[in-house]
Peer 1: 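Handing you this structure, nothing more for now.
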Amino acid sequence: MELPTAYNAKEVEDKIYQLWEKSGFFNPDKLPLRHKKPFTIIMPPPNANGSLHIGHALFVTLEDIMIRYQRMKGRKTLWLPGADHAGFETQVVFDKKLEKEGRNRFQIPKDQLYKEILEFTLANKKVMEHQLKKLGASCDWSREKFTLDENIIKVVYETFEKLKKDGLVYKGKKIVNWCTKHQTSLSDVEIKYEERNDPLYFIKYGPLELATVRLETKFGDTAVAVNPKDKRYKDYIGKEIEIETLLGKNKIKVIADEAVDPEFGTGVVKVTPAHDPVDFEIWQRHINEIPEPKQVIDKYGKLNELAGPYQGMKVKEAREKIAEAMAQKGLLDPAKTQLDYKHNVALCYKCGNIIEPMILDNQWFVKMTAKPKSGKLSLRDSAVKAVKGKKIVFIPKRLEKVFLHWMKNLRDWNISRQITWGIPIPGDPSGQVFDTWFSSGQWPFATLKSTEKGDFEKFYPTDVMETGWDILFFWVARMIMLGIYATGEAPFKYVYLHGLVRDKERQKMSKSKGNVIDPLGVVDLYGADALRMALIVGNTPGNDPVIYEEKIKGYRNFATKIWNASRFVLMNLDGYNANIKIQLSAKDKKTIKDFQKTAKEITKEMDEFRFYVASEKIYHYFWHTFCDKIIEEQKPRLYPLSPSGSSGRAKKEKAASQYLLITLLSESLKLLHPFMPFITEEIYQQLPIKNKRDCLMVETWFEK
RNA sequence: GGACGAUUAGCUCAGUUGGCUAGAGCGUCUCACUUACACUGAGAAGGUCGCAGGUUCGAGUCCUGCAUCGUCCACCA
């Protein structure tokens with residue numbers, strides 16, 4: 001048999017993918033029943049607002065490895081693909097697109113905007129599907145779901161109704177994280193904190209003095225608070241003091257609250273419930289003592305009419321002007337101002353603009369720590385119980401601690417967004433949409449309840465949720481909570497969390513830095529198998545993997561090596577008959593035994609999710625044992641130089657050698673297949689072996 | 001303020017119940033275009049496994065302390 005000396009991935013890969021698709025074996029229903037238990041992974045649906053990046057290639061590879069491995073082990077494997085409309089994320093991407101076109105979403109009628117984003121999303125979705133195939137994803141396309149599919153939305157609404165009935169959803173007037181750029185509220189996980197230096201001013205409030213950064217919110221003060229144990233101020237508690245506000249004199253009440261730290265500043269705080277979450281909580285605790293909150297900053301981050309002459313100014317400008325004016329009036333002591341005061345500022349995780357806490361009256365919240373009417377455990381507690389009871393296992397284990405710690409501090413979840421793109425909240429006249437994570441938090445059961453009949457019963461709970469650790473709180477936590485709440489069972493048994501792909505300088509990859517590796521470009525150059533190996537070898541769960549072109553090239557070379565070793569074996573099979581009994585030497589037997597030992601080790605690594613070790617082991621075996629040693633040792637047996645070359649003994653030696661090579665080659669290809677599916681399949685198709693299957697994809701994994 | 005992780009070859013990283021003569025990719029040097037493969041082969045250089053103690057017959061691997069880097073959570077008016 002003649003094969004070219006270099007493996008041509010480009011030619012082979014599309015052909016092989018078609019072969020797999022045609023075989024029907026992506027669909028678990030088409031697989032022979034060799035194992036009672038199915039094996040299910042619900043694919044984290046990529047955001048349909050761009051092309052796949054290297055991080056997607058990583059998750060595709062990891063999940064495909066698990067799926068292919070389990071399929072070869074005989075499980076009926078379901079890998080359910082999907083695409084995410086990705087509400088806020090896509091809205092942001094689309095906003096940028098509009099900006100480039102000189103348009104603005106706030107000037108486009110809602111219906112038209114929605115339609116445009118839908119078209120944009122569906123186009124991206126199509127591109128992504130093609131890209132997933134390029135990477136070798138052996139997922140069941142017949143069950144593909146989109147987060148805006150009607151029957152998915154139906155499930156989401158059912159859960160929402162259930163939560164309402166259980167008293168776990170409420171619509172409230174509450175302080176929210178408001179992004180003045182995106183014009184929407186955000187949940188607590190969608191804000192990040194950054195250390196900033198700002199001036200800390202010391203101002204006079206009548207007889208008292210207090211320290212504040214946010215001078216501009218003073219027009220919204222409804223009280224002054226001190227610690228109840230602070231003896232310095234005990235005579236003021238419960239009394240009103242007269243203060244000068246720049247807009248005239250005003251009376252304000254002094255209250256006592258534990259939240260005030262007597263050590264900080266003067267031990268006195270101004271209370272602005274409309275613009276500070278801590279102050280909001282103070283107000284809640286003293287709701288009968290102090291007046292309603294007064295909003296002084298509007299949705300665009302500008303001061304409103306309550307700020308008198310400062311109306312229309314942005315926060316920063318107003319702050320400086322107010323400081324000046326107060327200093328002039330002797331209400332602020334500039335000598336005391338701490339210019340380099342370090343504190344954390346809340347920012348929008350997308351645009352980095354400062355979050356303005358703001359009270360909105362039509363916000364939907366999910367209670368995280370309250371018991372449902374129909375059950376005993378809160379969303380939070382049921383999830384914690386499942387994790388502590390090992391119903392869900394984290395890989396790596398240490399992230400379980402991170403998860404539990406986060407769960408401890410949970411506050412109610414704001415699920416309303418003031419954007420156009422997403423699933424509308426039913427019964428909300430203001431036209432808000434759900435936080436995407438509210439619907440994608442239901443993804444494992446929503447998908448299975450809306451595909452083939454009986455899928456939910458067959459495949460739920462799923463086996464593994466594999467995703468990036470950066471969305472542990474955004475997504476994994478919500479899936480666990482909502483999954484248990486809606487179905488009574490944890491949605492998956494294992495959570496495998498991979499890291500963020502970085503470049504050789506350990507930098508995040510981003511378009512603006514120009515250090516991105518386009519996975520499809522790499523596939524084009526070096527083949528999907530090479531990229532997959534480069535993404536897996538040495539990549540431990542929970543840690544950020546590093547990828548660079550040389551590494552990919554290294555595994556492209558490995559693909560060539562596999563190719564040529566196979567070529568060698570196939571070229572030396574003259575006279576070989578798979579059905580004739582072979583006499584193996586003691587050394588041959590030992591060689592096979594060594595292989596089995598290696599295969600056993602690799603199997604163990606696979607079972608324990610250590611793909612980064614398994615891949616290296618099979619790599620090492622194939623190249624440095626099979627090629628470097630075994631093949632070299634067989635050469636004299638395959639073409640003996642002595643005149644006795646045609647003797648019966650020499651023929652037997654040759655036959656044994658051929659058997660040894662073809663056996664070890666085909667067995668090695670099986671072990672390599674989950675990692676490098678294309679090249680192994682292509683070679684398998686040409687092997688003259690006994691009991692050959694339609695494809696390597698459904699061969700039997702090493703058993704012993 | 002809490003918690004976690006990392007520190008191993010020039011670079012990027014593996015090394016999971018303690019037995020390692022410490023591995024991989026890339027890079028460096030020498031030789032070989034030998035009929036599977038130059039996207040190769042043979043060989044070599046390069047590591048006191050962050051520092052200091054401890055446990056052990058034996059520690060990169062376990063314990064204690066320290067240093068440096070990184071990450072996450074909380075949040076300070």
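None of the values given here were measured: they were computed from a predicted structure. Below, chain A is the first sequence line, B the second, and so on; all start at residue 1.
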Peer 1: What does Y526(A) touch in the nucleic acid at a heavy-atom separation under 4.0 angstrom: a base, only the sugar-phosphate, or nothing?
Peer 2: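 No contact.
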Peer 1: Without hydrogens or angle criteria, can the side chains of D221(A) and Y205(A) be said to hold a donor-acceptor pair below 3.5 Å?
Peer 2: yes
Peer 1: Once you apply a heavy-atom cut-off of 4.0 Å, does A211(A) come out as touching a base, just sugar-phosphate, or nothing?
Peer 2: sugar-phosphate
Peer 1: Using 0.5 Å steps for rounding, measure from the CG atom of N539(A) to the OG atom of S615(A).
Peer 2: 9.0 Å
Peer 1: Both conditions, 6.0 Å and 45 degrees, for the charged tip of K174(A) above the ring of F365(A): are they met here?
Peer 2: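 Yes, K174(A) lies over the aromatic ring of F365(A).
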Peer 1: Is there a donor in the side chain of K270(A) and an acceptor in the side chain of T272(A), or the other way round, less than 3.5 Å apart?
Peer 2: yes
Peer 1: Students often get this wrong, so: under 4.0 angstrom with heavy atoms, is R502(A) touching a base, only sugar-phosphate, or nothing?
Peer 2: nothing
Peer 1: Roughly how far apart, to the nearest Å, are rC33(B) and rU17(B) at atom P?
Peer 2: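 Comparing P positions in rC33(B) and rU17(B) gives a spacing of 46 Å.
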Peer 1: Distance between the C1' atoms of rG50(B) and rA6(B), in whole angstroms?
Peer 2: 11 Å
Peer 1: Would the base of rA24(B) count as contacting K551(A) through its side chain, where contact means a donor and an acceptor less than 3.5 Å apart?
Peer 2: no
Peer 1: What does Y619(A) touch in the nucleic acid at a heavy-atom separation under 4.0 angstrom: a base, only the sugar-phosphate, or nothing?
Peer 2: sugar-phosphate
Peer 1: So V260(A), base contact, sugar-phosphate only, or nothing? Heavy-atom distance under 4.0 Å.
Peer 2: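 The residue V260(A) makes base contact.
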Peer 1: Is any N or O donor-acceptor pair between the side chain of N344(A) and the base of rC75(B) shorter than 3.5 Å?
Peer 2: yes
Peer 1: Which of these nucleotides, rC39(B), rA77(B), rC37(B), is closest to any side-chain atom of V213(A)?
Peer 2: rA77(B)
Peer 1: Mind checking E608(A) for me? I need base, sugar-phosphate or nothing, with any heavy atom below 4.0 Å counting as a touch.
Peer 2: nothing
Peer 1: Quick one: the side chain of R556(A) and the base of rC39(B), do they pair up donor-acceptor inside 3.5 Å?
Peer 2: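 In this structure, the two groups form a donor-acceptor pair.
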Peer 1: Check every strand shown and say whether F473(A) touches a base, only sugar-phosphate, or nothing at a heavy-atom separation below 4.0 Å.
Peer 2: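 Contact class for F473(A): sugar-phosphate only.
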